[in-house]
Protein chains: 2
Amino acid sequence: MRLKPVARKSLSDAVFEQLSQEIVHGRMRPGTPLPSERALCDVLRVNRGAVREALKRLSQAGLIAIQHGGGTRVLDFKQTASLDLLNRLLFHHDGTVDLRVARSVMEMRAAMAPDIARLAALRRSPGQVLQLDEMVAAMAAQEQDLLALQVLALQFWDLLTVCSENIAYQLAFNGLRHSYEGMREALVEVMSEELRDLAAYRRIADAVRRKDGEGAGQSAQALMQHGSRGILQLLAALESSTDDQAANGEEDDDDEQ
Amino acid sequence: MRLKPVARKSLSDAVFEQLSQEIVHGRMRPGTPLPSERALCDVLRVNRGAVREALKRLSQAGLIAIQHGGGTRVLDFKQTASLDLLNRLLFHHDGTVDLRVARSVMEMRAAMAPDIARLAALRRSPGQVLQLDEMVAAMAAQEQDLLALQVLALQFWDLLTVCSENIAYQLAFNGLRHSYEGMREALVEVMSEELRDLAAYRRIADAVRRKDGEGAGQSAQALMQHGSRGILQLLAALESSTDDQAANGEEDDDDEQ
DNA sequence: TTTAATAACTGGTATGACCAGTTGACCATC
DNA sequence: GATGGTCAACTGGTCATACCAGTTATTAAA
């Protein structure tokens with residue numbers, strides 16, 4: 001019997017959740033005016049303060065635009081939202097994972113990792129080298145447990161990102177991690193090849209010790225490649241079997257003129 | 001006579017601004033408990049609703065953690081915030097640009113651009129090819145005006161990111177763009193070499209037309225490299241001339257053991 | 001010493017009033 | 001016909017005052 005802490009949501013959280021889902025899943029198109037705050041109070045049966053707190057958060061997240069006296073309208077979140085929206089986009093309303101979003105996350109991960117490793121090698125402190133060694137040792141000790149390896153791998157990359165001394169990478173990593181953790185357990189099998197490749201993590205850590213930026217980058221790229229392969233294959237297979245939205249033309253087109 | 005819309009901030013915006021600056025600039029360390037909502041009302045001379053709206057936004061931005069009944073404390077934003085915090089980090093309290101943050105943005109940009117171009121080449125629609133052509137043509141027409149070129153280049157990359165059909169890249173690009181626009185005019189000179197290299201943009205657009213992912217990626221990498229060079233040199237020069245916080249040891253160390 | 005009740009915090013919700021900005025209809029003016 | 005003023009009916013923004021709900025340190029009882 002595995003019990004989890006009961007989720008406790010404040011009213012404004014619930015309002016935020018409902019409205020953001022409506023917007024993100026396309027039930028409220030960009031440009032659509034939102035009901036007035038007082039109208040939302042009526043519909044949602046909460047006080048105006050709760051509604052306002054939620055609207056302020058939606059505004060900050062880039063989902064809506066509020067104008068004093070003029071009303072509130074839905075924005076195109078693809079142009080205005082930031083990475084922390086990923087975990088909301090990751091799941092369909094039925095709880096299944098949106099594979100296009102998952103693929104996006106894996107692609108971005110693969111592009112960033114080599115440069116993170118490269119910079120980490122150039123800028124790491126001596127103490128961080130030791131931390132990386134401990135990390136790799138911990139992974140070697142957990143070689144059997146894929147889930148534990150996955151967590152450790154995440155921590156490994158977290159540490160490497162800190163070593164890179166690049167605040168943009170750190171913040172982007174935070175956003176990616178939040179969404180990645182949402183699908184982590186679902187991916188543990190397809191990523192087993194990457195997770196078990198302890199030698200690759202070793203190579204990265206060694207290159208970082210040598211301050212060998214290129215070596216670290218290449219090792220990271222190799223690790224990402226043979227790790228992402230399985231996922232991309234899985235996604236391609238699932239996509240070809242679910243051609244439900246294939247309304248428009250497919251590949252091998254030429255310029256229409 | 002160039003007039004701009006007058007800036008109008010709501011109270012909760014002002015509160016959010018003040019508190020986030022306090023946190024981001026390190027005057028409130030992670031773990032520090034915030035004053036209670038009622039205490040903040042007293043200090044800031046605003047009603048509790050305004051304070052609560054601001055706190056909810058700070059919580060969503062990953063800067064604080066609110067616990068019902070338990071109080072509110074400051075988080076380590078480097079571990080919990082997302083990319084949209086960049087534009088707040090970019091400026092010191094005196095208004096000058098934080099060069100470490102600027103360097104981070106340029107590095108991340110350089111790492112993402114080649115993969116964005118690669119994916120765009122693989123997934124673009126015929127219509128998007130035409131849009132890219134128009135974009136390059138518009139840049140050729142503005143060859144003299146660096147500021148206009150900079151704006152167009154930003155739009156070029158925006159379009160390319162849309163072509164990549166990678167939602168993570170799109171969201172990350174939004175975050176980077178917001179911070180980039182904050183330092184855009186300051187960088188126009190150092191980036192002139194990149195902005196004037198219309199042939200490179202042409203090469204990328206052509207590779208995208210040919211669905212040549214590798215070609216597009218390489219062209220993008222080349223463009224980024226010779227564009228970022230000037231900036232990194234500038235940053236290195238400025239850093240070496242301002243060695244004020246060089247309390248700890250410098251390079252060429254070895255493992256302490 | 002341990003445990004249970006409690007008082008004094010904390011944040012969360014509710015209500016009703018009023019201030020302030022926007023919009024559109026209407027109207028006088030030019 | 002175009003311009004600018006007036007006004008009513010929206011919209012969001014601010015405020016004060018309750019009270020509910022959860023946490024924590026204190027205190028009294030076992």
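Every chain is numbered from 1, with letters handed out A, B, ... down the list of sequences.
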Can you check the [X] [atom1] to [N] [atom2] distance for me, whole Å?
X	N	atom1	atom2	answer
A:Arg57	C:dG12	CZ	P	11 Å
B:Glu53	C:dG11	CD	C1'	15 Å
B:Lys56	C:dG11	NZ	P	12 Å
B:Arg45	D:dT14	CZ	P	17 Å
B:Leu55	C:dT13	CG	P	14 Å
B:Leu34	C:dT10	CG	C1'	13 Å
A:Asp42	C:dG16	CG	P	12 Å

Short side-chain donor-acceptor distance under 3.5 Å, B:Ser82 and B:Asp84: no

Sorted by number, the residues of residues 59-77 of chain B with heavy-atom contact under 4.0 Å to DNA chain C: B:Ile66, B:Gln67, B:His68, B:Gly69, B:Gly71, B:Thr72

Test side-chain contact (heavy atoms from CB on, under 4.5 Å) applied to B:Trp157 and B:Tyr201, step by step: CA-CA 10 Å; B:Trp157 282 108; B:Tyr201 292 97; 4.1 Å; yes

Reference residue [X]; test side-chain contact (heavy atoms from CB on, under 4.5 Å); the match among [options]:
X	options	value
A:Ser12	A:Glu53, A:Lys56, A:Glu17	A:Glu53
B:Arg88	B:Leu85, B:Leu86, B:Leu90	B:Leu85
A:Asp98	A:His92, A:His25, A:Arg103, A:Met183	A:His92

Residue closer to the 5' end of DNA chain D, B:Asn47 versus A:Glu37 (nearest nucleotide): A:Glu37

Nucleotide nearest A:Arg38 when distance is taken to its side chain, options D:dT14, D:dG12, C:dA14: D:dG12

OP1 or OP2 of C:dT10 under 4.0 Å from side-chain N/O of B:Ser36: yes

N/O donor-acceptor pair, side chain A:Arg52 with base D:dG12, under 3.5 angstrom: no

Audit row: B:Leu55, B:Leu34, side-chain contact (heavy atoms from CB on, under 4.5 Å) steps and yes/no: CA-CA 10 Å; B:Leu55 291 181; B:Leu34 243 64; 3.8 Å; yes

CD (B:Gln18) with more than 12 external heavy atoms under 6.0 Å: no

Sugar-phosphate only, base, or nothing, as touched by B:Arg48 at under 4.0 Å among non-hydrogen atoms: base

